[in-house]
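The residues of the chain are indexed from 1 along the displayed sequence.
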Amino acid sequence: MAKKRKRSSDAPAAAAVEKPDDSAPERPARTLFGFKDKPDSAAVEPASRDGAPFRNKEKVLVTCSRRIIYRYRHLMQNVVSLLPHAKKDSKVESKQSKGGQLNELVELRSCSSCLFFECRKQKDLYLWMVKSPAGPSVKFLVNAVHTMEELKLTGNHLKGSRPLLTFSSNFDQQPHWKLLKEMITQIFATPKDHRKAKPFHDHVFVFSIVDDHIWFRNYQISVPHNEIDKVDKGGLDKMTLVEVGPRFCLNPIKIFGGSFGGPTLYENPFYVSPNQIRALEKRKKAGKYAHKVKAKVRRREHEKVHHLEPDEFADIWKGED
């Protein structure tokens, strides 16, 4: 028979003693570019100093809807070539469970943002700019599309280089423009130390607000060099911008609180649907034809009421042949 283990009298006393807290202190809140409030170096314990530094793991999923025309598909490919942290996926059916399917794709590809190019009636292009999974999301109407292949501009920057983002001053005037500026910054800014990014800043993304539209331009930073491929003294003052492309204009329609939907945070009161514009043009053309018909009817009625008197000189030359 097994012997019973003797119970020590010091066990309750040892259980009563609390163990010291060896857990690391709580990390401060972090943002896209680093920690919001940097911790005090004197208060940081050695265990927390060995922790991994913050790394921006922003990835953007770029996809489009089915039945998209070639010009808009080329625009999407230009955007993918400009963003080294972008991931391209297959086409998505926009009419059936668009939001749910795209949210699953974003989660499967380990992305935090999405650019969805939606083409309707093979005429109109809509751009969804989404932060997943909690939102917000913005729906734009894309106008004035010009791809790199169409423009044939002389600018040529290094592929994969990190761009400088510049915004016009009116982005800070209203709350919805401030929200759009933050979303554009997080989506179009290349993460630091990204494996596909080059450590150069040789082009600029320009976002300007004109007539309540966001106009996008891409410029190469051209600096004069000498024979040994070094910048001359004072050469930065002679720097010029050469446009590369593409060009497009974004007309904001709605801002939603969730991903591909949710409560409406902002709605553009000046937005007019392209379907309404085409309907007005058709009515204008139809009104032109109706105006011609009415003019003919009025002319007949006028002739009935006001008869022309016979011309007394109408037969004066008939007998001379």
ask   = Does Phe248 have any ring pair (Phe, Tyr, Trp, His ring centres under 6.0 Å) partners at least two apart in sequence or in another chain, and if so, which?
value = Phe216
Side chains of residues 129-138: which donor-acceptor pairs under 3.5 Å do they make with residues two or more places apart or in other chains?
{"from": "Lys131", "atom 1": "NZ", "to": "Glu58", "atom 2": "OE1", "distance (Å)": "3.4"}
{"from": "Lys131", "atom 1": "NZ", "to": "Glu58", "atom 2": "OE2", "distance (Å)": "2.9"}
{"from": "Lys131", "atom 1": "NZ", "to": "Ser113", "atom 2": "OG", "distance (Å)": "3.0"}
{"from": "Lys131", "atom 1": "NZ", "to": "Gln186", "atom 2": "OE1", "distance (Å)": "3.1"}
{"from": "Ser137", "atom 1": "OG", "to": "Gly258", "atom 2": "O", "distance (Å)": "2.8"}
{"from": "Ser137", "atom 1": "OG", "to": "Phe260", "atom 2": "N", "distance (Å)": "3.4"}

Trace of the side-chain contact (heavy atoms from CB on, under 4.5 Å) decision for Val244 with Leu153 = CA-CA 6 Å; Val244 182; Leu153 297 170; 5.9 Å; no
key: With Phe140 via ring pair (Phe, Tyr, Trp, His ring centres under 6.0 Å) - residues at least two apart   = none
message = According to side chain to side chain contact (heavy atoms under 4.5 Å, CB included), who are the partners of Lys91, at least two apart in sequence or on a separate chain?
response = Cys64, Arg66, Ile68
task = If a pair satisfies salt bridge (Lys or Arg N to Asp or Glu O under 4.0 Å) and one of its residues is in residues 242-261, list it, with sequence neighbours excluded.
result = Arg217-Glu243, Glu243-Arg247
inquiry  = Between Gln220 and Asn156 (side chain of the first, backbone of the second, donor and acceptor by atom type, cut-off under 3.5 Å), is there such a pair?
reply    = yes
query = How would you list, by chain and number, every residue that makes a salt bridge (charged side-chain N to carboxylate O under 4.0 Å, His left out) with Lys59, sequence neighbours excluded?
reply = none
key: Gap between atom CG of Asn170 and atom CG of Asp212 - 0.5 Å precision   = 9.0 Å
Residue pair Arg278 / Lys121: nearest heavy atoms and the distance that separates them = NH2-CD, 4.1 Å
ask   = Can you check whether Gln122's main-chain N or O pairs, donor with acceptor, with Tyr72's side chain at less than 3.5 Å?
value = no
In residues 188-197, what donor-acceptor pairs under 3.5 Å come from side-chain atoms, sequence neighbours left out?
{"from": "His194", "atom 1": "ND1", "to": "Lys196", "atom 2": "N", "distance (Å)": "3.1"}

Nearest heavy atoms of Leu151 and Gly245, plus distance in Å = CD1-CA, 4.2 Å
Any donor-acceptor N/O pair, Asp202 side chain to Leu158 backbone, under 3.5 Å = yes
message = Contact between Arg71 and Glu150 at the side-chain level, heavy atoms closer than 4.5 Å - yes or no?
response = yes
message = Using modelled atom types and a 3.5 Å cut-off, is there a donor and acceptor pairing between side-chain atoms of Ser65 and backbone atoms of Arg120?
response = no
note = Here the gap from His85 atom NE2 to Ser112 atom OG, rounded to the nearest 0.5 Å, amounts to 8.0 Å
Straight-line distance of Phe171 CZ to Ile209 CD1, nearest 0.5 Å = 4.0 Å
query = Regarding Asn103 and Ser259, is there a side-chain donor-to-acceptor distance under 3.5 Å anywhere?
reply = yes
remark   = In terms of heavy-atom contacts, Ile221 and Met239 come closest through CG2-SD, 3.5 Å
task = For Ile277, enumerate each residue passing the side chain to side chain contact (heavy atoms under 4.5 Å, CB included) test, keeping only those at least two apart in sequence or located in another chain.
result = Val272, Glu281
query = Given the rule in the side-chain contact (heavy atoms from CB on, under 4.5 Å) test, do Gln77 and Arg73 qualify, once you have shown the distances and angles that lead to the verdict?
reply = CA-CA 6 Å; Gln77 292 173 353; Arg73 186 177 69 253; 4.0 Å; yes
task = Applying side chain to side chain contact (heavy atoms under 4.5 Å, CB included), name anything that partners Ile253, two or more places apart in sequence or on another chain.
result = Tyr126, Lys139, Leu141, Tyr271
message = If hydrophobic clusters are built by linking Ile, Leu, Val, Met, Phe, Trp and Tyr wherever their side-chain heavy atoms come under 4.5 Å apart, do Tyr219 and Leu164 end up in the same one?
response = yes
inquiry  = As a quick check of understanding, evaluate side-chain contact (heavy atoms from CB on, under 4.5 Å) for Glu118 and Leu127, giving each step before the final call.
reply    = CA-CA 6 Å; Glu118 182 181 4; Leu127 174 62; over 6 Å; no
message = Just to verify, what does His291 make a side chain to side chain contact (heavy atoms under 4.5 Å, CB included) with, not counting sequence neighbours?
response = Arg298
query = From Ile187 CD1 over to Leu61 CG, what is the distance, rounded to the nearest 0.5 angstrom?
reply = 11.0 Å
Atom pair NE2/CG of His146 and Asn78 - distance to nearest 0.5 Å = 13.0 Å
message = Under 4.5 Å between side-chain heavy atoms, counting indirect links through other Ile/Leu/Val/Met/Phe/Trp/Tyr residues: same cluster for Leu115 and Ile69 or not?
response = yes
inquiry  = Can a side-chain donor-acceptor contact be found between Ser161 and His203 if the only test is distance below 3.5 angstrom?
reply    = yes
request  = Assign the ring pair His213 / Trp215 to parallel, tilted or perpendicular, where the plane angle (0 to 90°) is split at 30° and 60°.
outcome  = tilted
Where Met76 and Val62 come nearest, the two heavy atoms and their spacing = CG-CG1, 3.6 Å
query = Of all heavy-atom pairs between Cys111 and Lys87, which one has the smallest distance, and what is that distance?
reply = SG-CD, 4.0 Å
inquiry  = Is there a continuous path of hydrophobic side-chain contacts, each under 4.5 Å between heavy atoms, that joins Phe205 to Phe200?
reply    = no
task = Spell out, as yes or no, whether a donor-acceptor pair under 3.5 Å connects the side chain of Thr147 to the backbone of Pro246.
result = no
inquiry  = Using salt bridge (charged side-chain N to carboxylate O under 4.0 Å, His left out), reason through Glu301 and Lys296 one step at a time and then give a plain yes or no.
reply    = CA-CA 9 Å; Glu301 294 178 352; Lys296 290 181 180 180; over 6 Å; no
key: side-chain contact (heavy atoms from CB on, under 4.5 Å) assessment of Thr63 paired with Lys88   = CA-CA 6 Å; Thr63 182; Lys88 187 179 176 183; over 6 Å; no
task = Please check if the distance between the ring centroids of Trp177 and Tyr266 is under 6.0 Å.
result = no
task = Answer yes or no: is there a side-chain heavy-atom contact under 4.5 Å between Asp124 and Asn275?
result = yes
With His307 via ring pair (Phe, Tyr, Trp, His ring centres under 6.0 Å) - residues at least two apart = none
request  = For Phe117, check ring pair (Phe, Tyr, Trp, His ring centres under 6.0 Å) against everything at least two apart and list the hits.
outcome  = none
ask   = Between the side chains of Asn218 and His157, does any donor sit under 3.5 Å from an acceptor?
value = yes
ask   = More than 12 heavy atoms of other residues, nucleotides or ligands under 6.0 Å from CD of Glu149: is that the case?
value = yes
query = Is the shortest heavy-atom distance from the side chain of Lys285 to the side chain of Tyr289 under 4.5 Å?
reply = no
remark   = In this structure, CG of Leu75 is separated from SG of Cys119 (nearest 0.5 Å) by 11.5 Å
request  = Flag yes if more than 12 heavy atoms outside Asp172 fall under 6.0 Å of its CG atom; otherwise flag no.
outcome  = yes
Trp128 vs Leu102 side-chain heavy atoms within contact, under 4.5 Å = no
request  = Work out which heavy atom in Ile255 is nearest to a heavy atom in His176; give both atom names and the distance.
outcome  = CD1-CB, 3.9 Å
